[in-house]
Amino acid sequence: MSWPRYASPNTRRGYTGVLDRLLAGLGASRPLAEVSGEELAGLLEQLWGQRAPATWNRNRGTVAACCPGAPPAGCPPPVLPASAGRRREHLNATRAVPRPAIDRALTRRDVPLREKTLWRMLYETAARASEVLALNIEDPGLDARRAPIRSKGGDTEWICWGSGTAHLLPRLIRGRQAGPVFLSERRPGPARRPAARDRCPATGRARLGYDRARVLFTRHTGWQLHQLRHSAAAHLGEQGIPLQLIMAKTRHRNPRTAMRYVRPGAEAVAEITGLLEPPRRRG
């Protein structure tokens with residue numbers, strides 16, 4: 001299978017996890033020209049058919065993006081049938097976590113420093129988890145509360161964080177001069193040795209992966225990791241920040257996409273409901 005030429009390193013890492021599972025089901029040595037669209041659709045259904053529509057659409061899109069051009073010349077790539085089409089994603093108006101709940105989660109004493117720093121940075125930057133997990137200590141700007149990241153389309157953009165992250169980050173990277181900011185708990189085995197860029201030269205530990213970060217966040221909070229980004233945008237919207245500035249913060253290019261993130265939360269709706277109450281009688 002081939003990589004889309006515009007894929008950023010973060011996108012490539014996400015694609016790798018999906019394609020590894022797909023190839024395990026198909027057989028890694030099997031020529032792609034022998035695989036039909038119906039067989040691919042069946043494997044997609046087996047792996048992710050019972051997952052949320054957003055998960056299905058994301059993984060289906062990965063397969064569709066990587067299949068064209070992969071078979072030998074003259075062999076058409078497998079085409080997914082209509083039965084394996086995109087699924088409708090239902091809007092969940094409860095995805096934005098109330099600000100007090102976010103504050104409590106980010107100040108819990110039973111949460112390790114690594115998780116606390118990651119969650120705080122995700123909330124203050126409103127960045128994607130894959131972007132933050134790709135940060136390295138030697139990246140320019142960390143001392144100035146900012147860092148360059150590779151966006152979905154491969155462009156280099158900047159994320160900025162506040163005092164909460166700035167307080168925690170030096171403690172997390174103390175004693176290290178280079179390598180990933182967020183490290184896994186253990187050193188990888190010989191069979192799973194990552195690239196040099198994804199290892200700490202001082203400890204030999206690998207970069208913290210998205211799946212592990214997601215599982216730990218849900219275990220501690222019961223929420224999904226992406227809800228930190230969603231909540232940051234919603235809370236800015238509730239404070240009257242213009243959509244244009246919120247889009248600059250979240251780096252969305254389409255206003256319609258950004259509007260999904262800046263829907264006022266339940267607490268904001270409940271607060272303005274008081275404006276519709278009847279006037280109080282003067283006793």
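Not measured: the values here are computed from a predicted model.
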Donor-acceptor under 3.5 Å ([X] side chain, [Y] main chain):
X	Y	value
R207	L135	yes
R114	F182	no
W161	L122	no
H235	A96	no
E138	G179	yes
D139	N136	yes
R187	T203	yes
K116	D110	no

Exercise. Stepwise, does the side-chain contact (heavy atoms from CB on, under 4.5 Å) test hold for L169 with V181?
Worked result: CA-CA 9 Å; L169 190 57; V181 171; 3.8 Å; yes
Output the distance between atom [atom1] ([X]) and atom [atom2] ([Y]), rounded to the nearest 0.5 Å.
X	Y	atom1	atom2	result
I246	Q244	CD1	CD	11.0 Å
N57	R88	CG	CZ	12.5 Å
M121	L133	CE	CG	10.0 Å
R145	T165	CZ	OG1	9.0 Å
C200	L183	SG	CG	5.0 Å
L168	T117	CG	OG1	4.5 Å

Are [X] and [Y] joined in one hydrophobic group, where the rule is that I, L, V, M, F, W and Y side chains link up if heavy atoms are under 4.5 Å apart?
X	Y	value
W158	I149	no
I173	L113	yes
M259	L245	yes
L225	L208	yes

Exercise. Quick one: are L26 and L40 in side-chain contact, heavy atoms under 4.5 Å?
Worked result: yes
For this session: Kindly indicate whether the side chain of V132, heavy atoms from C-beta on, has any atom under 4.5 Å from the side chain of T125.
Result: yes
For [X], I'd like to know if atom [atom1] has over 12 heavy atoms of other residues, nucleotides or ligands within 6.0 Å.
X	atom1	result
R108	CZ	yes
R146	CZ	no
D143	CG	no

For this session: Could you list all the side-chain hydrogen bond (donor to acceptor under 3.5 Å, both in side chains) pairs where at least one residue sits in residues 168-183, not counting sequence neighbours?
Result: none
Seminar exercise, completed: In short, side-chain hydrogen bond (donor to acceptor under 3.5 Å, both in side chains) pairs touching residues 36-54 with sequence neighbours left out are R30-E39, E45-R87
Locate the shortest heavy-atom distance separating [X] from [Y]; write the atom from each residue and the value.
X	Y	value
W56	L44	CZ3-O, 3.4 Å
I137	L142	O-CD2, 3.7 Å
R197	A134	NH2-O, 4.3 Å
G37	L80	O-CD2, 4.0 Å
Y123	R99	OH-CD, 3.1 Å
R199	G204	CD-O, 4.4 Å

For this session: Let me see the working for T107 and R120 under side-chain contact (heavy atoms from CB on, under 4.5 Å), right down to the final yes or no.
Result: CA-CA 9 Å; T107 55; R120 175 67 69 178; 4.0 Å; yes
Exercise. If you measure from the Lys or Arg side-chain nitrogens to the Asp or Glu carboxylate oxygens, is any gap between E185 and R212 under 4.0 Å?
Worked result: yes
Exercise. Parallel, tilted or perpendicular: which fits the ring planes of W223 and F217, with parallel below 30° and perpendicular above 60°?
Worked result: tilted
Problem set entry | From CA spacing to verdict: salt bridge (charged side-chain N to carboxylate O under 4.0 Å, His left out), E131, R251 | CA-CA 12 Å; E131 296 168 343; R251 291 166 292 107; 2.6 Å; yes
